[in-house]
Amino acid sequence: MLYQHFTTQEEIDRAYDPMLGRDPAALVNEWRERSEASRERHRASLKVSLDVPYGPSLAERMDVFHADAPHAPVHVFFHGGYWRALSHREFSFIVDDLVKAGITVAVVNYALCPQVRFSELVRQAQAAVAYVYTNAAELSVDPEQLSISGHSAGGHLCAMLMSTDWESSFGLPNQLIRGALCVSGLYDLRPFPWSWLQPKLQLSGRDVQEFSPLWLPCRVSAPIKLVAGALESDEFALQMSCYAEHVSEQGPAVTQQLLPNVDHFSILEHYLNDGCFVEWIKGFHC
């Protein structure tokens with residue numbers, strides 16, 4: 001066995017490649033068009049700060065979409081792309097309803113594998129949250145009202161952020177995150193060294209051990225919401241349920257939900273049109 005019941009790379013690829021049977025270019029182009037339209041709307045009202053640097057490398061940038069109220073709650077979003085594709089610019093379209101709800105949203109860019117090692121990618125996600133927390137006054141947000149979410153690889157990064165020892169690593173409170181929403185996340189990295197992704201990810205055995213949230217302590221006690229789409233492969237639901245059990249054994253409040261009629265990509269529409277993600281994120285700040 002390579003992983004669980006899988007005996008071949010082809011089986012793992014079928015289970016973990018949500019792009020199979022889709023037109024990737026068409027999907028990404030749609031996201032880019034919608035995101036550019038969103039940025040234009042916010043630029044027109046002077047309510048967006050683009051490519052704000054949160055670290056020294058060119059990849060360490062975020063777009064901040066400002067709510068009208070000063071000292072607003074702030075939500076930090078991490079995009080997907082299996083740690084080796086896409087950027088913050090494809091995902092501006094998720095912010096509109098959150099900003100309307102009075103929440104400032106930071107959409108984070110980060111370096112991709114194989115240009116950087118997996119450890120650096122995780123470090124940049126941590127640095128982005130640390131930047132928002134420590135620069136709250138400049139961003140006109142409330143550092144005590146910080147929540148996070150992420151899609152796919154971004155969901156994995158959010159789980160890693162919940163496993164971060166913020167006090168010893170950054171000198172910040174271990175409870176700086178008020179809540180996390182992990183959307184179609186990956187919490188067990190063991191299948192990926194056997195998959196089509198390995199030439200890009202170059203995961204070592206040590207990487208799998210150190211960066212699989214399923215095997216790490218959850219150090220932030222804030223609520224965690226886990227979701228996956230009912231039209232995704234069973235592996236996404238299985239990863240979700242295994243991680244939910246792992247977190248619940250450690251004390252933090254965790255809920256999991258399989259959302260009907262959505263796949264790995266259409267699940268993002270729940271950030272829009274009064275979708276449940278907006279209500280859940282608002283709930284983190286109550």
Any heavy-atom pair between the side chains of Leu146 and Pro73 that's under 4.5 Å? no
Query - Worked verdict on Gln175 versus Ser221 for side-chain hydrogen bond (donor to acceptor under 3.5 Å, both in side chains) - result: CA-CA 7 Å; Gln175 305 309 317; Ser221 62; 2.8 Å; yes
inquiry  = Looking at Cys218, is its backbone amide N or carbonyl O close enough to the side chain of Gln250 to form a donor-acceptor pair, meaning the two atoms are under 3.5 Å apart?
reply    = yes
inquiry  = Check this for me: Gln209, atom CD, are more than 12 non-hydrogen atoms of other residues, nucleotides or ligands nearer than 6.0 Å?
reply    = no
Separation between SG (Cys158) and NZ (Lys225), nearest 0.5 Å, reads 14.5 Å
Taking the six-membered ring for Trp and the full ring for Phe, Tyr or His, determine whether the centres of Phe192 and Tyr3 are under 6.0 Å apart. no
Value for SG (Cys113) from CG (Leu197), rounded to nearest 0.5 Å, stands at 10.0 Å
| Backbone of Gly275 reached by a side-chain donor or acceptor of Glu279 within 3.5 Å | no
Within the structure provided, determine whether Phe78 and Leu161 are in side-chain contact (heavy-atom separation under 4.5 Å). yes
Do the side chains of Val141 and His71 get nearer than 4.5 Å, heavy atoms only? no
The residue among Leu272, Ile267, Leu268 that forms side chain to side chain contact (heavy atoms under 4.5 Å, CB included) with Phe277 is Ile267
d(Ser248 OG, Tyr243 OH) to nearest 0.5 Å is 11.0 Å
Using atom types as modelled and distance alone, determine if a side-chain donor or acceptor of Asp63 lies under 3.5 Å from a backbone N or O of Asp51.
yes
Notebook entry, point to check: In the single-linkage hydrophobic clustering (I, L, V, M, F, W, Y; side-chain heavy atoms under 4.5 Å), do Met162 and Val132 co-cluster?
Noted result: yes
Exercise. Would a distance-only check, ignoring hydrogens and angles, find a side-chain to backbone donor-acceptor pair under 3.5 Å from Ser233 to Ala15?
Worked result: yes
Heavy atoms of Pro213 and Met160 approach each other most closely as CG-SD, 3.8 Å
Heavy-atom closest pair (Tyr187 atom, Gly155 atom, distance to 0.1 Å) is CE2-O, 4.0 Å
- request: Show your reasoning for whether side-chain contact (heavy atoms from CB on, under 4.5 Å) applies to Phe284 and Leu181.
  value: CA-CA 10 Å; Phe284 291 146; Leu181 168 62; 4.3 Å; yes
*Output, in order, the C-alpha distance, side-chain angles, deciding distance and verdict of ring pair (Phe, Tyr, Trp, His ring centres under 6.0 Å) for Phe6 and Trp194.*
CA-CA 10 Å; Phe6 297 108; Trp194 307 105; over 10 Å; no
Worksheet item: Is the side chain of Gln126 donor-acceptor paired with the backbone N or O of Thr164 at a distance under 3.5 Å, no angle test?
Response: no
| Does Arg14 pair with Glu235 as a salt bridge, N-O distance under 4.0 Å? | no
Please work out which of the three classes, parallel, tilted or perpendicular, describes the rings of His156 and Trp83, given edges at 30° and 60°. perpendicular
dist Leu121:CG -> Leu201:CG (nearest 0.5 Å) comes out at 9.0 Å
**Request:** Evaluate the side-chain proximity of Ile177 to Trp166: yes if any heavy-atom separation is below 4.5 Å, no if none is.
**Result:** yes
- prompt: Can you find a side-chain donor-acceptor pair between Ser147 and Arg178 that sits under 3.5 Å?
  reply: no
Distance col, row Leu259:CG vs Cys276:SG, nearest 0.5 angstrom, shows 5.0 Å
>> More than 12 heavy atoms of other residues, nucleotides or ligands under 6.0 Å from CG of Asp23: yes or no?
In response: yes
Can you classify the ring geometry of His264 versus Phe236 as parallel (below 30°), tilted (30 to 60°) or perpendicular (above 60°)? tilted
For this session: Decide side-chain contact (heavy atoms from CB on, under 4.5 Å) for Ser152 and Val183; before the verdict, give the C-alpha distance in whole Å, the side-chain angles of both, and the deciding distance to 0.1 Å.
Result: CA-CA 6 Å; Ser152 193; Val183 182; over 6 Å; no
Residues pairing under ring pair (Phe, Tyr, Trp, His ring centres under 6.0 Å) where one sits in residues 201-232, two or more places apart or in two chains, turn out to be Phe118-Phe211
Applied to residues 118-128, the salt bridge (charged side-chain N to carboxylate O under 4.0 Å, His left out) test, sequence neighbours excluded, yields Glu60-Arg123, Glu120-Arg123
Would you say Tyr82 and Trp196 make side-chain contact, with heavy atoms under 4.5 Å? yes
The reported gap from CG in Leu216 to CD in Glu210 (rounded to nearest 0.5 angstrom) is 8.5 Å
Throw together a table of side-chain donor-acceptor distances under 3.5 angstrom for residues 97-109, partners on residues two or more places apart or in other chains.
residue : atom : partner : partner atom : Å
Asp97   : OD2  : Asn273  : N            : 2.6
Asp97   : OD2  : Asp274  : N            : 3.3
Thr104  : OG1  : Ala67   : N            : 3.0
Asn109  : OD1  : His88   : N            : 3.2
Asn109  : OD1  : His88   : ND1          : 3.3
Asn109  : ND2  : Ala59   : O            : 2.9

Between Glu232 and Ser184, is any side-chain donor less than 3.5 angstrom from a side-chain acceptor?
yes
- Ionic contact status for Arg34 with Glu269, cut-off 4.0 Å: yes
Next on the checklist: Could you check whether atom NZ of Lys200 has more than 12 heavy atoms from other residues, nucleotides or ligands sitting under 6.0 Å from it?
Outcome noted: no
On a heavy-atom basis, the closest approach of Ala136 and Pro143 is CB-CD, 3.5 Å
Check your understanding: Is it the case that Thr7 and Glu11 place a side-chain donor and acceptor less than 3.5 Å from each other?
Key -> yes
Closest non-hydrogen contact found for Gln124 with Tyr110 is OE1-CA, 3.5 Å
Between Thr255 and Gln257, is any pair of side-chain heavy atoms under 4.5 Å apart?
no
task: Give a yes or no on whether Leu20 atom CG has more than 12 heavy-atom contacts from other residues, nucleotides or ligands under 6.0 Å away.
output: yes
In short, Ser35 meets Arg89 closest at the heavy-atom pair CB-O, 3.2 Å
Is the ring centre of Trp280 less than 6.0 Å from the ring centre of Tyr271?
no
Here the pair of heavy atoms bringing Leu203 nearest to Gln198 is O-NE2, 2.9 Å
Checklist entry - Do His151 and Ile94 come close enough that some side-chain heavy atom pair is under 4.5 Å? => result no
*asked:* Regarding Ser149 and His75, do their side chains bring together a donor and an acceptor under 3.5 Å, going by distance alone?
replied: yes
Q | Check: Asn174 side chain, Val220 main-chain N or O, donor-acceptor pair, under 3.5 Å | A | no
Residue pair Val262 / Leu231, side-chain heavy-atom distance below 4.5 Å = no
| field | Polar contact flag, side-chain donor to acceptor under 3.5 angstrom, Asp13-Ser195 | value | no
Q. Does the side chain of Ser87 pick up a donor-acceptor pair with the side chain of His79 at under 3.5 Å?
A. no
- Start with the C-alpha gap between Glu36 and Arg41, add the side-chain angles, then the distance that decides, and say whether salt bridge (Lys or Arg N to Asp or Glu O under 4.0 Å) holds. CA-CA 9 Å; Glu36 177 57 28; Arg41 286 193 295 272; over 6 Å; no
(Q) Donor-acceptor check, side chain of Arg61 to backbone of Ser57, threshold 3.5 angstrom: yes or no? (A) yes
With distance as the sole criterion, is a donor-acceptor pair present between the side chains of His42 and Asp96 under 3.5 Å?
yes
